[in-house]
Amino acid sequence: MVEEPYKVLLVEDNPGDARLVDIALSEPGPVQFRLERVGLLSAALRRLEKEAFDVVLLDLSLPDSQGLDTVVAVRKQNPQVPVVVLTGLDDERSSLEALHMGAQDYLVKGTATGETLRRTIRYAVERRKILDDLKALRENGQDNETSLRTALARYRQLVENKSTTFPDDIDQPLKERKPRFMGDIAELYAELMDGYVGNGCSGSADPRLVHLVTRLGEESAGARDVLELHMQALQRKLAQGDLAQKALAVNAQVFAVEVLGRLLTFYRRQGLVKSA
């Protein structure tokens with residue numbers, strides 16, 4: 001079965017940079033891309049109002065918008081579409097801040113290979129689909145742990161396909177390798193989950209989320225470890241009587257997906273998600 005091409009909206013005013021993206025996405029591969037480009041934020045917002053896109057590649061420096069306001073405007077127009085920020089070498093700090101405002105990832109212009117760009121888009125699109133799957137499972141009455149396991153299994157399938165592999169030791173559970181570490185990190189995970197849910201599952205989560213993901217990445221954590229941390233946090237809240245509202249258990253699943261998505265980004269940037 002041939003997959004439908006990913007419909008990509010490129011918001012980029014520089015013809016040279018746009019051409020590089022076009023070339024990268026035109027290379028043969030298991031997934032095809034249909035690229036459409038606009039050079040102004042205002043034009044992008046009009047397109048997003050009328051059409052559905054799988055992902056937006058967003059330059060932060062446009063003639064009619066600069067910096068993080070660009071991300072905010074796109075997210076406001078269409079909160080569902082994944083956003084990947086394109087940045088220059090001197091603007092990486094703004095891109096990191098954009099992640100806290102709802103962007104799914106960022107790439108530095110001129111440094112990302114075609115393979116990296118295609119994989120980043122695929123991760124962003126799949127992450128959105130996983131969140132949609134979670135919503136459907138909840139609406140069908142699926143319990144919290146089963147629906148979360150389904151979502152995390154889909155992530156594992158994504159990163160363990162023929163084109164990518166994790167570090168060799170990622171399948172050994174952290175609770176066996178580093179039980180003391182898991183105990184310490186579980187406290188931070190639970191605190192951040194509370195804040196994330198309390199903030200309405202917004203991308204502007206506690207900045208300590210970066211610290212959490214970095215520590216997990218440095219210990220080669222995997223989907224199984226994220227699930228373990230998540231269920232520990234939920235069980236603790238249940239014991240405390242804090243899960244009287246089912247919405248908390250439901251919305252907390254999105255935080256687990258957020259953590260795993262950022263963990264994959266961490267591995268990619270460290271060169272640990274490799275081509276097979």
Side-chain angles (χ1 to χ4, degrees), residues 1-87 94-95 98-107 109 112 114-137 139 151 154-155 158 200-204 254 257-258 261 265:
M1 180 177 179
V2 179
E3 291 186 38
E4 287 291 323
Y6 287 169
K7 190 175 179 182
V8 181
L9 178 62
L10 172 62
V11 189
E12 172 62 74
D13 66 307
N14 186 303
D17 290 337
R19 178 59 179 160
L20 291 176
V21 172
D22 189 15
I23 293 173
L25 298 187
S26 298
E27 296 176 4
V31 178
Q32 300 300 309
F33 302 88
R34 189 174 70 183
L35 183 67
E36 300 185 29
R37 177 205 165 204
V38 295
L40 297 173
L41 174 64
S42 56
L45 298 181
R46 288 195 295 270
R47 294 295 295 275
L48 289 170
E49 183 180 13
K50 299 177 181 179
E51 301 178 47
F53 288 89
D54 293 305
V55 67
V56 174
L57 302 180
L58 183 64
D59 183 16
L60 290 183
S61 299
L62 298 169
D64 60 343
S65 183
Q66 295 288 316
L68 298 177
D69 288 344
T70 312
V71 179
V72 172
V74 171
R75 294 280 298 159
K76 182 178 180 180
Q77 181 67 272
N78 189 332
Q80 302 303 316
V81 66
V83 175
V84 175
V85 166
L86 303 177
T87 181
S94 294
S95 297
L99 297 181
H100 293 296
M101 305 187 75
Q104 293 226 3
D105 207 341
Y106 74 92
L107 293 171
K109 294 181 182 180
E115 179 185 356
T116 298
L117 176 59
R118 294 192 300 273
R119 186 183 299 154
T120 298
I121 291 175
R122 187 181 179 195
Y123 284 170
V125 172
E126 287 299 319
R127 189 170 164 190
R128 179 68 259 164
K129 290 179 179 178
I130 288 168
L131 294 177
D132 290 342
D133 285 350
L134 280 173
K135 181 179 179 181
L137 288 167
E139 290 175 349
R154 182 165 179 171
Y155 249 130
L158 173 64
C201 300
S202 169
S204 55
V254 181
V257 175
E258 178 76 21
T265 299

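What you are looking at is a predicted structure, and each value in this text was computed from that prediction instead of being measured. The basis for the numbers below is simple: all heavy atoms, side chains too, and nothing from hydrogens, waters or symmetry mates.
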So [Y] and [X], do their side chains get closer than 4.5 Å, heavy atoms only?
| X | Y | result |
| --- | --- | --- |
| T70 | L58 | yes |
| L25 | I121 | yes |
| L10 | L86 | yes |

For D13, all residues meeting side-chain contact (heavy atoms from CB on, under 4.5 Å), sequence neighbours excluded: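 Partners of D13 under the side-chain contact (heavy atoms from CB on, under 4.5 Å) test: D59, L62, P63.
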
Just by distance, do the side chain of [X] and the backbone of [Y] share a donor-acceptor pair under 3.5 Å?
| X | Y | result |
| --- | --- | --- |
| R37 | E12 | yes |
| D54 | K7 | yes |
| Q77 | L45 | yes |
| D17 | K109 | no |

Rounded to the nearest 0.5 Å, what separates atom [atom1] in [X] from atom [atom2] in [Y]?
| X | Y | atom1 | atom2 | value |
| --- | --- | --- | --- | --- |
| L41 | L48 | CG | CG | 9.0 Å |
| Q80 | R75 | CD | CZ | 8.0 Å |
| D22 | F33 | CG | CZ | 12.0 Å |
| R34 | L9 | CZ | CG | 11.5 Å |

Can you name the closest pair of heavy atoms from [X] and [Y] and give their distance?
| X | Y | value |
| --- | --- | --- |
| S42 | D64 | N-OD2, 2.9 Å |
| A24 | L117 | CB-CD2, 3.8 Å |
| V84 | A124 | CG2-CB, 4.1 Å |

Can you list the steps and then say if Y6 with V31 is a side chain to side chain contact (heavy atoms under 4.5 Å, CB included)? CA-CA 8 Å; Y6 287 169; V31 178; 3.7 Å; yes

